[in-house]
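The block underneath contains the structure these notes are about, expressed in C-alpha coordinates.
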Amino acid sequence: MIKTNDLVFLTDLYEFTMAYTYFKENRHEEIVYFDMFTRKVPNQGGYLIFNGLEKMIESLKLFKFEQKHIDYLRTQGFDDEDFLDYLLNMTLNLDVWAVPDGTVVFPHEPLITVKGTVIEAQLVETLILLSVNYSTLVTSKASRIVNAARGRAVLEFGARRAHGYDASLDGARAAIIAGCYGTSHTLTGEKYGAQVSGTMAHSYIQLHDSEYEAFQAFCKHNPDNSVLLVDTYDTLKSGVPNAIKIAKEFLIPNGHRLKAIRLDSGDLAYLSKEARKMLDEAGLKDCKIMASNSLDEHLIDDLIYQGAAIDQFGVGENLITSKSDPVLGGVYKLVAQEHDGIITPKIKVSDNIEKITNPSYKRLYRFYDKDTNKALADYIALAHEIIPEDEITIFSSNAPWKRKTLTNYRVRELQVPIFIKGEAVYETPTLAEVSDYSKKEMDSIWEEVKRLHYPHQYYVDLSQELYDLKLSLLHDLGQD
(Lines give C-alpha, C1' and ligand atoms only; values in the text may rest on other atoms or scores of the structure.)
Protein backbone atom coordinates (compact mmCIF):
# COMPACT_ATOMS: atom_id res chain seq x y z
CA MET A 1 0.00 0.00 0.00
CA ILE A 2 1.25 3.47 -0.89
CA LYS A 3 2.34 5.66 2.01
CA THR A 4 0.27 8.83 2.17
CA ASN A 5 3.31 11.07 2.18
CA ASP A 6 4.40 9.59 -1.16
CA LEU A 7 1.29 10.68 -3.08
CA VAL A 8 3.32 13.34 -4.91
CA PHE A 9 4.96 10.47 -6.80
CA LEU A 10 1.67 8.84 -7.68
CA THR A 11 2.07 10.28 -11.14
CA ASP A 12 3.73 9.69 -14.49
CA LEU A 13 7.29 10.93 -14.91
CA TYR A 14 6.41 13.07 -17.91
CA GLU A 15 4.39 15.31 -15.58
CA PHE A 16 7.66 16.24 -13.89
CA THR A 17 9.38 16.66 -17.23
CA MET A 18 6.69 19.08 -18.38
CA ALA A 19 6.67 20.86 -15.02
CA TYR A 20 10.44 21.36 -15.25
CA THR A 21 10.13 22.68 -18.80
CA TYR A 22 7.36 25.12 -17.84
CA PHE A 23 9.59 26.33 -15.02
CA LYS A 24 12.56 26.88 -17.31
CA GLU A 25 10.30 28.74 -19.76
CA ASN A 26 9.14 30.92 -16.85
CA ARG A 27 5.57 29.85 -17.51
CA HIS A 28 5.04 27.91 -14.31
CA GLU A 29 2.72 30.52 -12.74
CA GLU A 30 0.34 30.64 -15.72
CA ILE A 31 -3.26 29.80 -14.79
CA VAL A 32 -4.91 26.96 -16.67
CA TYR A 33 -8.12 24.92 -16.61
CA PHE A 34 -8.33 21.14 -17.03
CA ASP A 35 -11.42 18.94 -17.38
CA MET A 36 -11.66 15.31 -16.34
CA PHE A 37 -14.24 13.39 -18.39
CA THR A 38 -14.91 10.06 -20.08
CA ARG A 39 -15.47 9.32 -23.75
CA LYS A 40 -17.68 6.23 -23.52
CA VAL A 41 -19.58 3.95 -21.16
CA PRO A 42 -18.06 0.48 -20.60
CA ASN A 43 -20.12 -2.63 -21.31
CA GLN A 44 -22.05 -0.68 -23.95
CA GLY A 45 -24.10 0.72 -21.10
CA GLY A 46 -26.30 3.79 -21.07
CA TYR A 47 -24.89 5.62 -18.05
CA LEU A 48 -22.12 5.86 -15.47
CA ILE A 49 -22.20 6.50 -11.74
CA PHE A 50 -19.44 8.90 -10.74
CA ASN A 51 -17.31 7.84 -7.78
CA GLY A 52 -13.87 8.62 -6.39
CA LEU A 53 -14.35 12.17 -5.14
CA GLU A 54 -13.75 11.25 -1.50
CA LYS A 55 -10.46 9.57 -2.38
CA MET A 56 -9.40 12.49 -4.55
CA ILE A 57 -10.07 14.95 -1.74
CA GLU A 58 -8.06 12.90 0.75
CA SER A 59 -5.17 12.62 -1.71
CA LEU A 60 -5.03 16.30 -2.64
CA LYS A 61 -5.08 17.30 1.02
CA LEU A 62 -1.90 15.24 1.52
CA PHE A 63 -0.12 16.39 -1.63
CA LYS A 64 3.12 17.92 -0.35
CA PHE A 65 6.76 17.39 -1.36
CA GLU A 66 9.30 16.33 1.26
CA GLN A 67 13.08 16.37 1.10
CA LYS A 68 13.26 12.67 0.23
CA HIS A 69 11.16 13.33 -2.87
CA ILE A 70 13.49 16.10 -3.95
CA ASP A 71 16.48 13.84 -3.40
CA TYR A 72 14.94 11.17 -5.63
CA LEU A 73 14.19 13.67 -8.40
CA ARG A 74 17.88 14.56 -8.46
CA THR A 75 18.66 10.91 -9.26
CA GLN A 76 16.34 11.19 -12.28
CA GLY A 77 18.25 14.09 -13.79
CA PHE A 78 16.32 17.01 -12.32
CA ASP A 79 19.29 18.93 -11.01
CA ASP A 80 18.06 22.52 -11.25
CA GLU A 81 18.05 23.64 -7.61
CA ASP A 82 15.66 26.52 -8.24
CA PHE A 83 13.10 24.10 -9.70
CA LEU A 84 13.59 21.64 -6.84
CA ASP A 85 13.22 24.41 -4.25
CA TYR A 86 10.03 25.50 -6.00
CA LEU A 87 8.57 22.01 -5.62
CA LEU A 88 9.71 21.66 -2.03
CA ASN A 89 7.97 24.89 -1.04
CA MET A 90 4.90 24.39 -3.22
CA THR A 91 1.49 24.16 -1.60
CA LEU A 92 -1.48 23.29 -3.77
CA ASN A 93 -3.57 26.38 -4.37
CA LEU A 94 -6.09 24.81 -6.74
CA ASP A 95 -9.74 25.54 -7.37
CA VAL A 96 -11.57 22.26 -7.98
CA TRP A 97 -15.19 21.64 -8.91
CA ALA A 98 -16.71 18.17 -9.29
CA VAL A 99 -19.96 16.25 -9.40
CA PRO A 100 -20.68 14.47 -6.09
CA ASP A 101 -20.05 10.75 -5.64
CA GLY A 102 -23.10 8.77 -6.70
CA THR A 103 -24.14 11.13 -9.50
CA VAL A 104 -25.38 9.58 -12.74
CA VAL A 105 -23.17 10.96 -15.53
CA PHE A 106 -22.52 10.51 -19.23
CA PRO A 107 -19.63 10.71 -21.73
CA HIS A 108 -17.96 14.03 -22.56
CA GLU A 109 -19.33 15.78 -19.48
CA PRO A 110 -16.85 17.73 -17.31
CA LEU A 111 -16.92 15.62 -14.15
CA ILE A 112 -14.03 17.42 -12.48
CA THR A 113 -12.69 20.87 -13.39
CA VAL A 114 -9.33 22.01 -12.06
CA LYS A 115 -8.05 25.59 -12.09
CA GLY A 116 -4.54 26.46 -10.95
CA THR A 117 -0.99 27.11 -11.98
CA VAL A 118 0.15 24.91 -14.82
CA ILE A 119 2.63 22.98 -12.66
CA GLU A 120 0.09 22.25 -9.94
CA ALA A 121 -2.66 21.29 -12.37
CA GLN A 122 -0.30 19.08 -14.35
CA LEU A 123 1.19 17.22 -11.40
CA VAL A 124 -2.18 16.11 -10.00
CA GLU A 125 -3.42 14.61 -13.29
CA THR A 126 -2.58 10.95 -12.63
CA LEU A 127 -3.69 11.20 -9.00
CA ILE A 128 -7.12 12.49 -10.02
CA LEU A 129 -7.57 9.88 -12.73
CA LEU A 130 -6.52 7.09 -10.36
CA SER A 131 -9.01 8.33 -7.78
CA VAL A 132 -11.93 8.35 -10.21
CA ASN A 133 -11.45 5.83 -13.01
CA TYR A 134 -11.53 2.57 -11.06
CA SER A 135 -14.15 3.67 -8.55
CA THR A 136 -16.50 4.97 -11.24
CA LEU A 137 -15.99 1.84 -13.32
CA VAL A 138 -16.90 -0.55 -10.50
CA THR A 139 -19.79 1.56 -9.23
CA SER A 140 -21.27 1.56 -12.71
CA LYS A 141 -20.74 -2.19 -13.11
CA ALA A 142 -22.32 -2.86 -9.72
CA SER A 143 -25.28 -0.71 -10.67
CA ARG A 144 -25.89 -2.84 -13.76
CA ILE A 145 -25.83 -5.94 -11.56
CA VAL A 146 -28.22 -4.42 -9.02
CA ASN A 147 -30.61 -3.38 -11.79
CA ALA A 148 -30.50 -6.87 -13.31
CA ALA A 149 -31.50 -8.35 -9.92
CA ARG A 150 -34.82 -6.47 -10.11
CA GLY A 151 -35.20 -5.77 -6.42
CA ARG A 152 -33.53 -8.92 -5.13
CA ALA A 153 -30.67 -8.29 -2.71
CA VAL A 154 -27.12 -8.24 -4.10
CA LEU A 155 -24.10 -8.81 -1.84
CA GLU A 156 -20.55 -7.93 -2.87
CA PHE A 157 -18.22 -10.92 -2.43
CA GLY A 158 -15.16 -9.86 -4.43
CA ALA A 159 -12.39 -9.00 -1.94
CA ARG A 160 -10.17 -12.01 -2.69
CA ARG A 161 -10.38 -11.37 -6.45
CA ALA A 162 -9.70 -7.64 -6.33
CA HIS A 163 -6.55 -6.19 -7.86
CA GLY A 164 -4.88 -5.39 -4.55
CA TYR A 165 -5.74 -4.20 -1.05
CA ASP A 166 -6.92 -0.73 -2.03
CA ALA A 167 -9.06 -2.09 -4.85
CA SER A 168 -10.84 -4.49 -2.50
CA LEU A 169 -11.87 -1.61 -0.23
CA ASP A 170 -12.67 0.86 -3.01
CA GLY A 171 -14.59 -1.79 -4.91
CA ALA A 172 -16.69 -2.78 -1.91
CA ARG A 173 -17.49 0.87 -1.20
CA ALA A 174 -18.43 1.32 -4.86
CA ALA A 175 -20.80 -1.64 -4.66
CA ILE A 176 -22.62 -0.18 -1.65
CA ILE A 177 -23.00 3.17 -3.43
CA ALA A 178 -24.51 1.34 -6.41
CA GLY A 179 -27.17 -0.29 -4.25
CA CYS A 180 -25.65 -3.56 -3.06
CA TYR A 181 -27.25 -4.60 0.23
CA GLY A 182 -23.93 -5.46 1.84
CA THR A 183 -20.41 -6.78 1.44
CA SER A 184 -18.22 -9.58 2.74
CA HIS A 185 -15.36 -7.08 3.17
CA THR A 186 -14.90 -6.49 6.90
CA LEU A 187 -12.79 -3.35 6.54
CA THR A 188 -15.55 -1.68 4.54
CA GLY A 189 -17.87 -2.27 7.47
CA GLU A 190 -15.39 -0.91 10.00
CA LYS A 191 -14.33 2.11 7.93
CA TYR A 192 -17.64 3.13 6.37
CA GLY A 193 -20.34 1.50 8.46
CA ALA A 194 -21.48 -0.76 5.62
CA GLN A 195 -23.53 -3.89 6.23
CA VAL A 196 -21.17 -6.89 6.30
CA SER A 197 -22.19 -10.49 5.81
CA GLY A 198 -20.56 -13.92 5.83
CA THR A 199 -21.07 -17.44 7.14
CA MET A 200 -19.03 -20.43 5.97
CA ALA A 201 -16.83 -21.86 3.22
CA HIS A 202 -16.71 -25.40 1.88
CA SER A 203 -13.60 -26.00 3.98
CA TYR A 204 -15.63 -25.66 7.18
CA ILE A 205 -17.91 -28.48 6.09
CA GLN A 206 -15.03 -30.64 4.88
CA LEU A 207 -13.31 -30.38 8.27
CA HIS A 208 -16.22 -32.15 9.98
CA ASP A 209 -16.94 -35.86 9.82
CA SER A 210 -20.17 -35.22 7.93
CA GLU A 211 -22.13 -32.39 6.36
CA TYR A 212 -24.87 -32.83 8.96
CA GLU A 213 -22.38 -32.47 11.84
CA ALA A 214 -20.93 -29.35 10.22
CA PHE A 215 -24.37 -27.75 9.94
CA GLN A 216 -25.21 -28.81 13.49
CA ALA A 217 -22.05 -27.29 14.97
CA PHE A 218 -22.43 -24.10 12.98
CA CYS A 219 -26.06 -23.53 13.92
CA LYS A 220 -25.32 -24.32 17.58
CA HIS A 221 -22.85 -21.43 17.76
CA ASN A 222 -24.50 -19.13 15.18
CA PRO A 223 -28.24 -19.72 15.55
CA ASP A 224 -29.16 -16.25 14.32
CA ASN A 225 -26.79 -16.39 11.35
CA SER A 226 -27.85 -19.77 9.97
CA VAL A 227 -26.98 -19.48 6.28
CA LEU A 228 -25.88 -22.95 5.20
CA LEU A 229 -23.75 -23.73 2.14
CA VAL A 230 -25.46 -26.76 0.62
CA ASP A 231 -23.39 -27.76 -2.44
CA THR A 232 -20.24 -29.27 -0.88
CA TYR A 233 -21.23 -32.84 -1.75
CA ASP A 234 -24.66 -33.06 -3.39
CA THR A 235 -27.07 -30.13 -3.27
CA LEU A 236 -30.41 -31.89 -3.57
CA LYS A 237 -29.58 -35.33 -2.10
CA SER A 238 -27.47 -34.13 0.81
CA GLY A 239 -27.14 -30.38 1.31
CA VAL A 240 -30.76 -29.24 1.29
CA PRO A 241 -32.07 -32.30 3.21
CA ASN A 242 -29.44 -31.79 5.91
CA ALA A 243 -30.29 -28.08 6.14
CA ILE A 244 -33.97 -28.95 6.57
CA LYS A 245 -33.11 -31.58 9.19
CA ILE A 246 -31.06 -29.09 11.21
CA ALA A 247 -33.90 -26.56 11.02
CA LYS A 248 -36.43 -29.05 12.36
CA GLU A 249 -34.23 -30.80 14.92
CA PHE A 250 -32.34 -27.85 16.37
CA LEU A 251 -33.18 -24.34 15.15
CA ILE A 252 -36.99 -24.37 15.39
CA PRO A 253 -37.15 -26.23 18.76
CA ASN A 254 -34.78 -23.61 20.19
CA GLY A 255 -36.73 -20.64 18.89
CA HIS A 256 -34.74 -19.93 15.74
CA ARG A 257 -35.34 -20.19 12.01
CA LEU A 258 -33.17 -21.34 9.12
CA LYS A 259 -32.21 -18.00 7.64
CA ALA A 260 -31.02 -19.09 4.18
CA ILE A 261 -29.25 -21.70 2.12
CA ARG A 262 -26.53 -20.82 -0.40
CA LEU A 263 -25.93 -22.41 -3.79
CA ASP A 264 -22.41 -21.97 -5.15
CA SER A 265 -22.24 -24.36 -8.13
CA GLY A 266 -24.27 -26.27 -10.66
CA ASP A 267 -27.37 -25.25 -12.60
CA LEU A 268 -28.54 -22.48 -10.32
CA ALA A 269 -31.94 -22.07 -11.96
CA TYR A 270 -32.82 -25.76 -11.67
CA LEU A 271 -31.29 -26.26 -8.24
CA SER A 272 -32.96 -23.19 -6.76
CA LYS A 273 -36.41 -24.24 -8.02
CA GLU A 274 -36.00 -27.74 -6.67
CA ALA A 275 -34.61 -26.48 -3.37
CA ARG A 276 -37.54 -24.06 -3.05
CA LYS A 277 -40.00 -26.94 -3.41
CA MET A 278 -38.20 -28.95 -0.75
CA LEU A 279 -38.01 -26.02 1.68
CA ASP A 280 -41.67 -25.10 1.18
CA GLU A 281 -42.83 -28.69 1.66
CA ALA A 282 -40.87 -28.77 4.92
CA GLY A 283 -42.64 -25.64 6.15
CA LEU A 284 -39.61 -23.38 5.61
CA LYS A 285 -41.20 -20.89 3.25
CA ASP A 286 -39.40 -18.06 5.04
CA CYS A 287 -35.95 -19.56 4.32
CA LYS A 288 -34.19 -17.54 1.63
CA ILE A 289 -32.12 -18.97 -1.21
CA MET A 290 -28.85 -17.24 -2.02
CA ALA A 291 -26.77 -17.96 -5.13
CA SER A 292 -23.16 -17.21 -5.95
CA ASN A 293 -20.60 -18.62 -8.44
CA SER A 294 -19.10 -16.11 -10.90
CA LEU A 295 -22.32 -14.19 -11.42
CA ASP A 296 -22.72 -11.00 -13.42
CA GLU A 297 -25.63 -8.93 -14.69
CA HIS A 298 -26.21 -11.14 -17.73
CA LEU A 299 -26.29 -14.39 -15.75
CA ILE A 300 -28.58 -12.85 -13.16
CA ASP A 301 -30.87 -11.56 -15.89
CA ASP A 302 -30.98 -15.05 -17.45
CA LEU A 303 -31.64 -16.74 -14.10
CA ILE A 304 -34.58 -14.49 -13.38
CA TYR A 305 -35.91 -15.01 -16.91
CA GLN A 306 -35.74 -18.77 -16.29
CA GLY A 307 -37.79 -18.41 -13.11
CA ALA A 308 -34.97 -19.18 -10.69
CA ALA A 309 -36.17 -19.17 -7.09
CA ILE A 310 -33.27 -17.03 -5.89
CA ASP A 311 -33.79 -14.29 -3.32
CA GLN A 312 -30.23 -12.98 -3.00
CA PHE A 313 -27.16 -12.90 -5.23
CA GLY A 314 -23.56 -12.92 -4.04
CA VAL A 315 -21.38 -11.37 -6.74
CA GLY A 316 -17.59 -11.37 -6.60
CA GLU A 317 -14.91 -11.26 -9.29
CA ASN A 318 -17.09 -10.01 -12.14
CA LEU A 319 -18.11 -7.01 -10.05
CA ILE A 320 -14.89 -6.10 -8.25
CA THR A 321 -12.81 -6.23 -11.47
CA SER A 322 -15.55 -5.21 -13.91
CA LYS A 323 -14.31 -8.27 -15.74
CA SER A 324 -16.35 -7.85 -18.91
CA ASP A 325 -14.94 -4.37 -19.59
CA PRO A 326 -12.22 -3.57 -17.06
CA VAL A 327 -11.15 -0.05 -18.10
CA LEU A 328 -12.84 3.32 -17.81
CA GLY A 329 -11.02 5.63 -20.19
CA GLY A 330 -11.32 8.78 -18.13
CA VAL A 331 -9.05 11.56 -19.40
CA TYR A 332 -7.79 14.90 -18.14
CA LYS A 333 -7.46 17.58 -20.81
CA LEU A 334 -6.47 21.23 -20.97
CA VAL A 335 -9.48 23.36 -21.91
CA ALA A 336 -8.43 26.96 -21.18
CA GLN A 337 -5.70 29.35 -20.15
CA GLU A 338 -6.21 32.50 -18.12
CA HIS A 339 -4.17 35.72 -18.19
CA ASP A 340 -5.13 38.90 -16.34
CA GLY A 341 -8.62 37.52 -15.82
CA ILE A 342 -9.17 36.80 -19.53
CA ILE A 343 -9.88 33.17 -20.39
CA THR A 344 -8.51 31.86 -23.66
CA PRO A 345 -10.18 28.59 -24.76
CA LYS A 346 -8.05 25.63 -25.82
CA ILE A 347 -9.11 22.63 -27.88
CA LYS A 348 -7.58 19.26 -28.68
CA VAL A 349 -8.16 18.11 -32.26
CA SER A 350 -8.08 14.50 -33.44
CA ASP A 351 -8.90 12.41 -36.48
CA ASN A 352 -11.19 10.53 -34.10
CA ILE A 353 -14.18 12.80 -33.64
CA GLU A 354 -14.86 11.52 -30.13
CA LYS A 355 -11.40 12.71 -29.05
CA ILE A 356 -12.05 16.36 -30.00
CA THR A 357 -12.50 18.20 -26.71
CA ASN A 358 -15.11 20.75 -25.68
CA PRO A 359 -13.13 23.96 -25.09
CA SER A 360 -13.01 26.58 -22.34
CA TYR A 361 -14.21 26.86 -18.77
CA LYS A 362 -17.68 25.35 -18.60
CA ARG A 363 -20.54 24.40 -16.32
CA LEU A 364 -22.67 21.26 -16.40
CA TYR A 365 -26.44 21.37 -15.90
CA ARG A 366 -29.30 18.87 -15.80
CA PHE A 367 -32.92 19.59 -16.70
CA TYR A 368 -35.68 17.74 -14.83
CA ASP A 369 -39.36 17.50 -15.65
CA LYS A 370 -41.20 19.29 -12.82
CA ASP A 371 -44.05 16.80 -12.83
CA THR A 372 -42.19 13.49 -12.98
CA ASN A 373 -38.78 14.60 -11.63
CA LYS A 374 -37.23 12.59 -14.45
CA ALA A 375 -34.03 13.87 -16.05
CA LEU A 376 -34.72 15.29 -19.51
CA ALA A 377 -31.23 16.18 -20.72
CA ASP A 378 -27.81 17.45 -19.66
CA TYR A 379 -26.43 20.74 -20.90
CA ILE A 380 -22.83 21.95 -21.09
CA ALA A 381 -22.46 25.73 -21.27
CA LEU A 382 -19.70 28.29 -20.95
CA ALA A 383 -19.22 29.38 -17.36
CA HIS A 384 -20.56 32.90 -17.88
CA GLU A 385 -23.81 31.81 -19.54
CA ILE A 386 -27.10 32.21 -17.67
CA ILE A 387 -29.51 29.31 -18.09
CA PRO A 388 -33.14 30.33 -18.64
CA GLU A 389 -35.60 28.92 -16.13
CA ASP A 390 -38.79 28.89 -18.25
CA GLU A 391 -37.94 27.68 -21.75
CA ILE A 392 -34.84 26.53 -23.63
CA THR A 393 -34.16 24.92 -26.99
CA ILE A 394 -31.50 22.24 -27.00
CA PHE A 395 -29.94 20.45 -29.93
CA SER A 396 -27.59 17.60 -30.75
CA SER A 397 -24.04 18.73 -31.47
CA ASN A 398 -23.66 15.70 -33.76
CA ALA A 399 -26.88 16.48 -35.62
CA PRO A 400 -27.61 20.18 -34.96
CA TRP A 401 -30.82 20.11 -37.00
CA LYS A 402 -32.33 17.89 -34.28
CA ARG A 403 -33.78 20.37 -31.79
CA LYS A 404 -36.15 20.19 -28.85
CA THR A 405 -37.72 22.94 -26.79
CA LEU A 406 -37.99 22.24 -23.07
CA THR A 407 -40.59 23.82 -20.77
CA ASN A 408 -41.95 23.00 -17.31
CA TYR A 409 -38.50 22.05 -16.04
CA ARG A 410 -36.20 22.75 -13.17
CA VAL A 411 -32.48 23.05 -13.73
CA ARG A 412 -29.66 21.90 -11.47
CA GLU A 413 -25.93 22.56 -11.75
CA LEU A 414 -24.15 19.23 -11.27
CA GLN A 415 -20.65 20.35 -10.30
CA VAL A 416 -20.09 21.74 -6.80
CA PRO A 417 -17.03 23.50 -5.30
CA ILE A 418 -14.53 21.10 -3.72
CA PHE A 419 -11.38 23.22 -3.20
CA ILE A 420 -11.12 27.00 -3.35
CA LYS A 421 -7.58 28.41 -3.31
CA GLY A 422 -6.37 25.06 -2.02
CA GLU A 423 -8.79 24.92 0.91
CA ALA A 424 -11.32 22.08 1.04
CA VAL A 425 -14.83 23.56 1.13
CA TYR A 426 -16.81 20.37 0.51
CA GLU A 427 -18.23 18.36 3.40
CA THR A 428 -17.77 14.71 2.50
CA PRO A 429 -20.96 12.70 3.07
CA THR A 430 -21.08 9.30 4.73
CA LEU A 431 -21.27 6.13 2.64
CA ALA A 432 -24.93 5.71 3.59
CA GLU A 433 -25.67 9.27 2.46
CA VAL A 434 -23.89 8.72 -0.86
CA SER A 435 -25.79 5.48 -1.40
CA ASP A 436 -29.13 7.16 -0.68
CA TYR A 437 -28.23 10.03 -3.01
CA SER A 438 -27.25 7.64 -5.77
CA LYS A 439 -30.55 5.78 -5.45
CA LYS A 440 -32.42 9.06 -5.96
CA GLU A 441 -30.18 9.78 -8.94
CA MET A 442 -31.04 6.42 -10.49
CA ASP A 443 -34.75 6.96 -9.80
CA SER A 444 -34.57 10.17 -11.84
CA ILE A 445 -33.22 8.38 -14.93
CA TRP A 446 -35.64 6.81 -17.40
CA GLU A 447 -35.72 3.01 -17.44
CA GLU A 448 -34.84 3.01 -21.14
CA VAL A 449 -31.46 4.57 -20.32
CA LYS A 450 -30.79 1.90 -17.69
CA ARG A 451 -31.68 -0.95 -20.03
CA LEU A 452 -29.15 -3.80 -19.99
CA HIS A 453 -29.12 -4.24 -23.76
CA TYR A 454 -29.20 -1.43 -26.34
CA PRO A 455 -29.98 1.37 -23.89
CA HIS A 456 -31.52 4.62 -25.03
CA GLN A 457 -28.90 7.33 -25.59
CA TYR A 458 -29.40 10.12 -23.07
CA TYR A 459 -29.17 13.69 -24.37
CA VAL A 460 -25.98 15.59 -23.53
CA ASP A 461 -26.03 18.84 -25.48
CA LEU A 462 -23.83 21.89 -25.84
CA SER A 463 -25.12 25.42 -25.55
CA GLN A 464 -25.29 27.35 -28.81
CA GLU A 465 -22.46 29.63 -27.66
CA LEU A 466 -20.20 26.70 -26.73
CA TYR A 467 -21.05 24.92 -29.98
CA ASP A 468 -20.21 28.03 -32.01
CA LEU A 469 -16.94 28.50 -30.10
CA LYS A 470 -15.94 24.91 -30.80
CA LEU A 471 -16.64 25.28 -34.53
CA SER A 472 -14.76 28.58 -34.61
CA LEU A 473 -11.65 27.05 -33.04
CA LEU A 474 -11.80 24.11 -35.42
CA HIS A 475 -12.12 26.55 -38.33
CA ASP A 476 -9.11 28.55 -37.12
CA LEU A 477 -7.11 25.33 -37.03
CA GLY A 478 -8.24 24.39 -40.53
CA GLN A 479 -10.38 21.49 -39.32
CA ASP A 480 -13.79 22.51 -40.71
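Here the structure is a predicted model, which is why all the values come from computation and not from measurement.
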**Report entry** Residue pair Phe250, Phe218: steps toward the ring pair (Phe, Tyr, Trp, His ring centres under 6.0 Å) verdict
**Finding:** CA-CA 11 Å; Phe250 176 76; Phe218 188 86; over 10 Å; no

Requested in this report: Start with the C-alpha gap between Tyr368 and Tyr409, add the side-chain angles, then the distance that decides, and say whether ring pair (Phe, Tyr, Trp, His ring centres under 6.0 Å) holds.
Outcome: CA-CA 5 Å; Tyr368 296 87; Tyr409 61 81; over 10 Å; no

Once side chain to side chain donor-acceptor pair (under 3.5 Å) is applied, do any residues pair with [X], and if so which ones, sequence neighbours excluded?
X      : answer
Asp35  : Thr113, Lys362
Asp231 : His202, Ser265
Tyr458 : Asp378
Gln206 : none

With [X] via side chain to side chain contact (heavy atoms under 4.5 Å, CB included) - residues at least two apart:
X      : answer
Leu334 : Val32, Phe34, Lys346
Gln76  : Tyr72, Phe78
Lys248 : Ile244, Ala282
Pro400 : Phe395, Tyr467

Report task. Check step by step if salt bridge (Lys or Arg N to Asp or Glu O under 4.0 Å) holds for Lys439 and Asp443. Result -> CA-CA 6 Å; Lys439 183 181 184 302; Asp443 288 343; 3.2 Å; yes

Query - Donor-acceptor contact below 3.5 Å, side chain Thr321 vs main chain Asn318 - result: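 Side chain of Thr321 to backbone of Asn318, a donor-acceptor pair under 3.5 Å: no, none is there.
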
Between [X] and [Y], is there a side-chain N and carboxylate O pair less than 4.0 Å apart?
X      : Y      : answer
Lys55  : Glu58  : no
Lys277 : Glu274 : yes
Lys402 : Asp461 : no

With sequence neighbours excluded, give me every salt bridge (Lys or Arg N to Asp or Glu O under 4.0 Å) pair touching [range].
range            : result
residues 292-316 : Lys141-Glu297, Arg144-Glu297, Arg150-Asp301, Arg276-Asp311
residues 282-294 : Arg257-Asp286
residues 190-216 : none
residues 315-330 : Arg161-Glu317, Glu317-Lys323

Report task. Classify the angle between the aromatic ring planes of His208 and Tyr204 as parallel (below 30°), tilted (30 to 60°) or perpendicular (above 60°). Result ->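 Tilted.
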
